[in-house]
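What follows is a set of notes on a single structure, which appears directly below.
Numbers here simply count residues along the sequence, with the first being 1.
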Amino acid sequence: MIKEFQVQNFGCIDSIRVENLKGINLIVGPNSCGKSTLLKVLYAAKRSAELFQRGKNDESYQRLLHKKLRWIFQVDSLQSLIKRDASLSANVQFKADKAEVNFSIAKKKEAPVCSPFFNKVKPTPVNSVFLPAKEILSLQKLVIKTHDLDMEFGFDETYYDLAMALNSPTTKGKNPGGFANSRMLLKDITGGVVSFDAKENRWILKKDGHTFPIELASDGIKKIGILDTLLGNRFLTKSSVVFIDELESSLHPTAISKFLDIVYELSACGVQFIISSHSYFVVKKLYLLAQKNHQSIPIISLDGGYRVDDLLDGIPEDNQIIAESIRLYEEEIDL
């Protein structure tokens, strides 16, 4: 679990520090405020720590992080990630289970990049994953080919990491209680089962006694199928962190509500979620979950600066998503 972080002069982010992250954490804000950037830099730091000294990998954490940042943000030089009007270096501090990191990216090209001020990273079997806004099942082979064979930028490495995670087949046997129930609830949303057909070498959807190629399924069903697969193949376990960019993308409001019920159940099992969203339905549903379960759910609002509130205390009054829904309601009343 990620416990706290600080990011300075990175991308479009000026400075943000958040402590006491919980099982579910929500990031909101207007377009181009840094939501996806924040998710990705946290994922890069966390995933690099997980790959450190795994198997026969003898690369340093610094080297793993350098490569992960470069391929996630698709840049030839990490200096490109420093905030343009910043006179100083970009700095990231990150504290999680078995990982405590403080690194910088220097503005001067002759200086070393990704310099670690302080790294304490211990090997771990835990896997974290980034779920992008766009679906990946129908693109899985292309994503892997672009990265491994062509070795070209195209799909950022969050897509590649997810494509590789989905390569592991689902295993027989029972999932832990909360995981098993979550998989049942996911199937209720789709009305079917998304799986990889090894014989046909393609993803399929089985629904109502029929089998369809995954290309005929909606992007929302594919997104739900991805999470189900990651639970079924045991890639995700207790203590995993799931980063979700624009959770509401391609999902009907009813599906959003049911999906967040599953997110809450998995968080109760020890999986941490860090979610970005533009959706009123996401904010409102998480608020209701916080109230119903007396659960703290931090909401991090980005808009030039930042502020951190807790949905257990209510929905922030100056939240732009809520403000716009109220404005539209008032506009309707005036008609």
Side-chain angles (χ1 to χ4, degrees), residues 1-11 13-27 34-55 57-73 78 81-83 86 88-107 111-130 157-158 161 235-244 267 269-276 296-298 300 302 306 308 310:
M1 175 177 285
I2 298 176
K3 300 175 181 178
E4 61 183 67
F5 66 83
Q6 181 171 345
V7 179
Q8 295 176 302
N9 300 326
F10 194 100
I13 298 172
D14 184 15
S15 179
I16 177 171
R17 180 180 181 85
V18 180
E19 300 176 312
N20 299 318
L21 272 73
K22 304 298 182 180
I24 303 174
N25 308 273
L26 178 63
I27 304 172
K35 297 188 300 298
S36 295
T37 296
L38 181 57
L39 282 179
K40 288 179 178 180
V41 70
L42 293 178
Y43 171 76
K46 183 69 168 67
R47 188 61 182 150
S48 298
E50 292 168 354
L51 296 175
F52 176 66
Q53 293 186 354
R54 179 170 292 188
N57 193 332
D58 60 356
E59 292 181 289
S60 67
Y61 175 76
Q62 180 181 352
R63 178 60 182 163
L64 289 167
L65 179 61
H66 184 284
K67 291 195 301 184
K68 189 64 70 178
L69 288 170
R70 180 174 178 269
W71 281 92
I72 284 179
F73 289 100
L78 293 191
L81 301 177
I82 302 173
K83 196 171 187 291
L88 304 174
S89 61
N91 296 284
V92 177
Q93 296 180 41
F94 170 88
K95 187 174 183 179
D97 295 334
K98 296 190 176 182
E100 188 171 349
V101 175
N102 183 340
F103 70 89
S104 68
I105 301 173
K107 192 146 191 174
V113 296
C114 239
S115 302
F117 291 128
F118 177 74
N119 286 350
K120 288 176 60 178
V121 181
K122 298 179 181 179
T124 176
V126 172
N127 292 307
S128 296
V129 71
F130 191 107
E157 193 154 288
T158 61
D161 288 351
F235 184 84
L236 292 179
T237 58
K238 294 179 180 179
S239 299
S240 291
V241 181
V242 180
F243 299 82
I244 308 180
S267 73
C269 295
V271 180
Q272 185 181 39
F273 289 85
I274 302 179
I275 301 165
S276 75
S296 177
I297 299 180
I300 304 163
L302 303 181
Y306 77 96
V308 182
D310 192 335

Heavy-atom pair of closest approach, residues [X] and [Y]:
X      : Y      : answer
Ala99  : Ala49  : CB-CB, 3.9 Å
Ala44  : Ile72  : CB-CD1, 3.9 Å
Asn91  : Ser104 : OD1-CB, 3.1 Å
His66  : Leu78  : CD2-CD1, 3.4 Å
Ser128 : Lys46  : OG-NZ, 3.5 Å
Lys68  : Ser48  : CB-OG, 3.4 Å

Requested in this report: Could you walk me through whether Asp14 and Lys83 pass side-chain contact (heavy atoms from CB on, under 4.5 Å), step by step?
Outcome: CA-CA 7 Å; Asp14 184 15; Lys83 196 171 187 291; 4.0 Å; yes
To the nearest 0.5 angstrom, please state how far the [atom1] atom of [X] sits from the [atom2] atom of [Y].
X      : Y      : atom1 : atom2 : value
Glu100 : Lys120 : CD    : NZ    : 5.5 Å
Ile297 : Asp310 : CD1   : CG    : 8.0 Å
Glu50  : Thr124 : CD    : OG1   : 6.5 Å
Gln53  : Glu59  : CD    : CD    : 11.5 Å
Ile105 : Leu81  : CD1   : CG    : 5.0 Å
Gln272 : Met1   : CD    : CE    : 4.5 Å

I'd like to check [X] versus [Y] (side-chain heavy atoms, cut-off strictly below 4.5 Å). Are they in contact?
X      : Y      : value
Leu64  : Asn57  : yes
Val41  : Val92  : yes
Leu69  : Phe103 : yes
Val126 : Lys238 : no

Requested in this report: Show your working on side-chain contact (heavy atoms from CB on, under 4.5 Å) between Leu38 and Phe10 and close with a plain yes or no.
Outcome: CA-CA 9 Å; Leu38 181 57; Phe10 194 100; over 6 Å; no
Query raised in the report: salt bridge (charged side-chain N to carboxylate O under 4.0 Å, His left out) between Arg47 and Glu157: does it pass, once the steps are laid out?
Result: CA-CA 11 Å; Arg47 188 61 182 150; Glu157 193 154 288; over 6 Å; no
Query raised in the report: Any idea how Phe130 and Phe243 line up, ring-wise: parallel (<30°), tilted (30 to 60°), or perpendicular (>60°)?
Result: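 Parallel: the ring planes of Phe130 and Phe243 meet at under 30°.
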Requested in this report: Please assess Arg54 against Asn127 for the test side chain to side chain donor-acceptor pair (under 3.5 Å), listing each intermediate value before the final yes or no.
Outcome: CA-CA 11 Å; Arg54 179 170 292 188; Asn127 292 307; 2.6 Å; yes
Report task. Look at the side chain of Tyr61 and the backbone N and O of Ala45, then say whether any donor-acceptor pair between them is shorter than 3.5 Å. Result ->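 A pair under 3.5 Å: yes.
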Report task. Please confirm whether the backbone N or O of Thr158 pairs with a side-chain atom of Asp161, one donor and one acceptor, at under 3.5 Å? Result ->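 Checking the backbone N and O of Thr158 against the side chain of Asp161, no donor-acceptor pair under 3.5 Å is found.
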Report task. Output, in order, the C-alpha distance, side-chain angles, deciding distance and verdict of salt bridge (charged side-chain N to carboxylate O under 4.0 Å, His left out) for Arg17 and Glu4. Result -> CA-CA 8 Å; Arg17 180 180 181 85; Glu4 61 183 67; 3.5 Å; yes
Query raised in the report: In this structure, which one of Ile300, Leu21, Val242, Leu26 forms a side chain to side chain contact (heavy atoms under 4.5 Å, CB included) with Ile274?
Result: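 Between Ile274 and the candidates, side chain to side chain contact (heavy atoms under 4.5 Å, CB included) is satisfied uniquely by Leu21.
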Report task. Begin with the C-alpha distance, continue with both residues' side-chain angles, and end with the deciding distance and a verdict on side-chain contact (heavy atoms from CB on, under 4.5 Å) for Ile2 and Phe94. Result -> CA-CA 8 Å; Ile2 298 176; Phe94 170 88; 3.7 Å; yes
Query raised in the report: What's the verdict on side-chain contact (heavy atoms from CB on, under 4.5 Å) for Leu302 and Ile16, showing C-alpha distance, side-chain angles and the deciding distance?
Result: CA-CA 9 Å; Leu302 303 181; Ile16 177 171; 3.5 Å; yes
